[in-house]
Amino acid sequence: MKVLKKITILKDKCVGCGLCVNSCAFNAISMKSSKAVIDYDKCTLCTACVDACKFNAIEIEKKAGFSSAIGLNEAEGVWVVAEQKSNKLQPVSFELLYKARQLADELGTKVTAVLLGSNVKDEAQCLIWRGADQVIIVENAEFTHYQSEPYSVVIEELAKKYKPEIILAGATTIGRSLIPRLAIKLNTGLTADCTGLEIDKKSGLLLQTRPAFGGNIMATIICKNHRPQMATVRHKVFQEAGEDHTKKGVIIEENIDTALFNSPRSILKDIVEEIEETINITEADIIVAGGRGVGSEENFKIIEELAKVLNAAIGASRSVVDEGWIPYSHQVGQTGRTVCPKIYIACGISGQIQHLVGMQSSKVIIAINKDPHAPIFNVANYRVVGDLFQVIPALTKKLKNSQTTTYSS
Amino acid sequence: MEDKKILNIIVCVKQVPDTTDVKIDPETNTLIREGVESIMNPFDRYAVEEGVRLKEKYGGRVTVLSMGPPQAENVLREAISMGADEGILLSDRAFAGSDTWATSYTIAKAIETIKGYNLIICGKQAADGDTAQVGPGISIHLDIPQVTYVKKISALENNKITVERLIEEGYEVIEVSLPCLLTVVKEINEPRIPSLRGMMKAKKAEIKVLTANELDVKPEYLGLDGSPTQVMKIFSPPQKEEGLIIEGEIPDIAEKLAQVIKEQN
Amino acid sequence: MDYLLTEEQIMMRDLSRKIAEEKIRPVAAELDEKSEFPYEIMKTLADSDLFGVYLPEEFGGFGGGVFELCLVTEELSKACGGISVCYAASALGTYPILLFGNDEQKKRFLPDLAAGKKLAAFAVTEPGAGSDASAISATAKKDGDHYILNGTKHFITNGEVADVYVIIAMTNKAKGARGASAFIVEKGTEGFSFGKKEDKLGIRASVTSELIFNECRVPAENLLNREGMGFIITMKTFDVSRPGVAAQALGIAQGALDLTVNYACERKQFGKFIGGFQGIQFMLADMTTQIEAARALIYSTARMIDAGKANTSRPSAMSKMYASDVAMKVTIDCIQIYGGYGYMKDYPIEKYMRDAKITQIYEGTNQIQRNIIASSLIKESRKK
């Protein structure tokens, strides 16, 4: 039987260096008589090896498949899907605008924000101040809260009408539920949870960079033949666009035929806010996080006290949450939240890879641990090898003192 | 459930390299991939468990479905050992290189061949790609409603299911009509350890393998060709410089740390 | 080494390993510190069918034997030697019924024990009767269709948490060891209560209790085999259970070594991983070789017993003695490699040493094992 290969090692170019062998996550490449050989039963065509090969010895055969709803040549403009909750804009929208503005300037095109809600005209103005050239708003009582079906139907209609070249949305629970639906509807590609976006100077394509394999590798993804090029963007990676009240822009109110979504198959019955005294960890500028080294639920008080003087959120490693010392909403890591604060203070956290994945993109990491070999130190900018029960109270006291001095002077 | 309506659950699972097992070679700063085991995507275990629990409570059957190379049948057997009834593997070289678009298309086409399905459960995302796109993609291809990030199934009656959906501020309560697709988060349950009897049953179970020829699919929507996105470059994340050691007497350390925090904030 | 396990045995081993890693390892330190019985883990082991691996299929088991029991015990012990003994001690209490029970007794007790719905315990030891089983002072006096038990058993593993107990008591003191008999006593029987719970050096997740019998009336049908068989039942039970203790010791040693090898590859001194130093390498090499030798001895013995071979007392005693001595030596050396960290309770390694110690003591001290081995050797040479 003929094997459908789609990937071939060019024997005359392969020098047998073995770079591709190590690049394969599926152990599908091996060396036989100094040439790379692919096991087609294991190969998933992830194409990681193609880039790893420095000798262009791996060839991929990719045919143009289906085409997108929006044509390559007709697409123009950078879109941001603005996020609101109860008609209040979410900060991720401003981060998207910051990036969208850069991309649009490079492409010489406009930034458009799309905003659905029930009363969002003021918010639309704010989007203009933050960098949008135009804002398309759709108002309907149904849109106060995010709902997958009506939201995706409406934005699909808008996209088909306006034909953007790029669509960006937040990699939030809203963005990651909504945007995949839209990408399928528009017959185009989507890259999730990007941490880097750039325009390729030569091709004008959007280079979408994201972590994969639990943050162990980075991949740059392109969407060559389909439009729009779509990406969700990790919260807190890009800075927020500033507000400029002199900035002018157009607000377009679109009316969408309500028949498109008036027989809902799913109904939002209720939103239950779990009130937390502490600050939401995904939004915080500073996080003080405790691990198993804290020892007990009671000892967590010293973490809380430090967080309090810093006005910081409290994070935790998985083991601490599993112990029940602190609720899951504080968990940072692969099975918890991904955070990216300005300062992350890891106290008694050993730094299992699952935890590191969730916090290693923090701007500054301070680690306090008595084990000098704790893996957390590999990602820390500042390392304190010592007893957290001495260091933290001393730091809390120091910070308290300096605050009082500031106020009294 | 209505008396006549049988709960016919499909759980989608993926075989992934064990990312917790991935180690970085400290000398070369590259991934050591050799000997990394393939496991069931950890998030999918919650999906399988929830499917099996629903079956145990309301009756019905659970079919697990996976797409991947032939050895991916191992994860289907694992799901059967946890209580699923049947496994289907979509395996064909024509599927290789699928991005989330082509994957969700292919899986949706396979689900269409399963008569009378009324509930599809997926893990919230796969641990290797972390995209969280295939679940929603399947629901669109099948034109059924979706609820992502489900942390609890609170009711199932009159052909409707009520779920709690985890959001940043708490959770939403959503009622959705069947058939529908749910993606579940780890709060939903604690996956069981399989029993020896379950493992023996799974060992003997016949895994149905479907190839492109057995599905009503268009070739231009499959595999590498049917994938709008492509990987251009893969690289190791930039390594952080070795951190600065802060040492000395406790008050000195506190002083220096306070300084760092002040500067960085 | 490849021990040519069957597919079923590989499944049992892998399943036990999974439970050890996912369920036992995360709680081992806490249960050890609090000295808390692992009820949840016993439930997991029951739900996973592992209590039945060594029992016949007709009673709901999987038709395996001592070998399968050893495989499971070894894997569980790698994560915690205290939790594994809760499992293995139930097998110890079950074996007398399996080996000497009549059909009615087997049908009555084995299915629930195979399913893990009930735990068992075996009670021989008394304050004045440790290694010297003939010194037992607990009595059982026939009274119509009942026996009346009086006396105290102590250091009983699974005491109080078990539902089914096999008790050795004297039915005829004048006959010495030949006057002992074995009885199945269920928890809740009137006159049967529990005394002191011991605070131990190691295997702290397991319960070790005192059993008190005060005019406890046990139905005559609960007598195992016949009067006077108590000592033989005890010896034959130990013959099949000692490889289990050996497997516990083996698992403890292997678990400690696994951690230590990882540590040696992470810990740097003088700019080099300590695993790169010859002094450490020699220790690691000795440890793994001794462990493998213990494993080979245990597996061969278990297979011999399961094949129904006669005269298994000596290999059984050799397995228990050798594996437990290896476990003690290995766990102490592992602490040495960990250095100062190894001495601290924050690191998991010192627990392995504490858990290992008991394996040299219970189910016959290693001195008793040496007596058994030597006397069988001498007896054999006389026959030649």
Side-chain angles (χ1 to χ4, degrees), chain A residues 4 6 22 25 41-42 44-45 47-48 51 62-63 65-66 148-149 173 176-177 180-181 184-185 188-193 212-214 216-223 226 265-274 335 342-343 353-354 364 379-384 390-391 394-395 398-399, chain B residues 17 19-20 22 30-31 33 69-70 93-94 96-97 101 128-133 136-137 140 145-146 148-149 167-177 186 220-221 224-226 228-237 240 243-246 250-251 253-255 257-258 260-261 264-265:
Chain A
L4 182 63
K6 309 280 289 182
N22 198 35
D41 277 343
K42 289 184 179 166
T44 65
L45 274 178
T47 69
D51 178 56
K62 177 171 159 64
K63 285 189 236 145
F66 58 88
S148 288
E149 288 205 283
T173 54
R176 296 187 82 169
S177 306
R181 299 174 68 84
I184 302 290
K185 287 275 199 178
T188 189
L190 164 62
T191 307
D193 205 20
F213 277 99
N216 287 307
I217 55 172
M218 304 296 288
T220 301
I221 315 268
I222 52 170
C223 178
H226 301 73
R265 294 179 292 187
S266 69
I267 302 161
L268 177 61
K269 300 281 238 193
D270 195 10
I271 296 179
V272 180
E273 292 203 11
E274 287 179 327
T335 52
K342 283 188 197 158
I343 305 174
I353 182 85
Q354 300 94 305
V364 172
V379 300
N381 305 80
Y382 296 94
R383 309 191 284 172
V384 181
Q390 291 184 7
V391 175
L395 176 60
K398 177 81 211 157
L399 290 164
Chain B
T19 48
T20 61
V22 173
T30 53
L31 279 188
R33 285 166 166 160
R93 188 68 187 155
W101 208 105
D128 55 350
D130 284 330
T131 70
Q133 287 169 192
I140 285 286
Q146 77 176 30
T148 49
Y149 305 108
I167 55 172
E168 283 86 354
E169 299 80 11
Y171 62 91
E172 297 171 345
V173 180
I174 297 174
E175 184 190 88
V176 54
S177 59
K186 70 173 274 250
E220 67 266 30
Y221 287 89
L224 203 58
D225 298 342
T229 60
Q230 66 191 83
V231 178
M232 203 182 84
K233 197 168 77 158
I234 287 183
F235 54 100
S236 293
K240 284 208 171 191
L244 201 68
I245 296 174
I246 297 182
I250 296 295
I253 293 176
E255 172 85 45
L257 281 180
V260 167
I261 290 168
Q264 298 295 338
N265 196 16

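Residue numbering restarts at 1 for every chain, and letters A, B, ... go by the order of the sequence lines.
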Those residues at least two apart in sequence (or on a different chain) that pass salt bridge (Lys or Arg N to Asp or Glu O under 4.0 Å) with A:K398 are B:E255
The salt bridge (Lys or Arg N to Asp or Glu O under 4.0 Å) partners of B:D225 (sequence neighbours excluded) come to A:K6
Report which part of [X] has an atom under 4.5 Å of a heavy atom belonging to chain B: side chain, backbone, both, or neither.
X      : result
A:I343 : side chain
A:Q390 : both
A:T191 : both
A:S148 : side chain
A:K342 : side chain

Mind checking the [atom1]-[atom2] spacing from [X] to [Y]? Nearest 0.5 Å is all I need.
X      : Y      : atom1 : atom2 : answer
B:I234 : A:M218 : CD1   : CE    : 11.5 Å
A:I271 : B:I174 : CD1   : CD1   : 8.5 Å
B:D130 : A:R176 : CG    : CZ    : 7.0 Å
A:L268 : B:E175 : CG    : CD    : 11.0 Å

What's the shortest heavy-atom distance between [X] and [Y], and which atoms?
X      : Y      : answer
B:A258 : A:L395 : N-CD1, 3.6 Å
B:A132 : A:P180 : O-CG, 4.2 Å
A:A192 : B:T131 : CB-O, 3.5 Å
B:V260 : A:Y382 : CG1-CE1, 3.5 Å
A:S177 : B:Y149 : OG-CE1, 3.7 Å

Where on [X] is there a heavy atom nearer than 4.5 Å to chain A: the side chain, the backbone, both, or neither?
X      : value
B:F235 : both
B:I253 : side chain
B:P145 : both
B:K233 : both

Option that, when pairs with chain B are counted at under 4.5 Å, heavy atom only, ranks first among [options]:
options                       : value
A:E149, A:R181, A:K63         : A:R181
A:T188, A:T44, A:I221, A:I222 : A:I222
A:T173, A:V384, A:D41, A:D193 : A:T173

task = Could you walk me through whether A:I184 and B:Q133 pass the side-chain contact (heavy atoms from CB on, under 4.5 Å) test, one step at a time?
result = CA-CA 10 Å; A:I184 302 290; B:Q133 287 169 192; over 6 Å; no
Within a strict 4.5 Å, meaning less than it, do heavy atoms of the [X] and [Y] side chains meet?
X      : Y      : value
A:T47  : B:Q230 : no
B:P69  : A:K42  : no
A:V391 : B:I250 : yes

Check your understanding: Within the side chain of A:T220, is there an N or O that forms a donor-acceptor pair under 3.5 Å with the backbone of B:M232?
Key -> no
From the list B:P136, B:P228, B:P70, B:A96, the residue making the most non-hydrogen contacts under 4.5 Å with chain A is B:P228
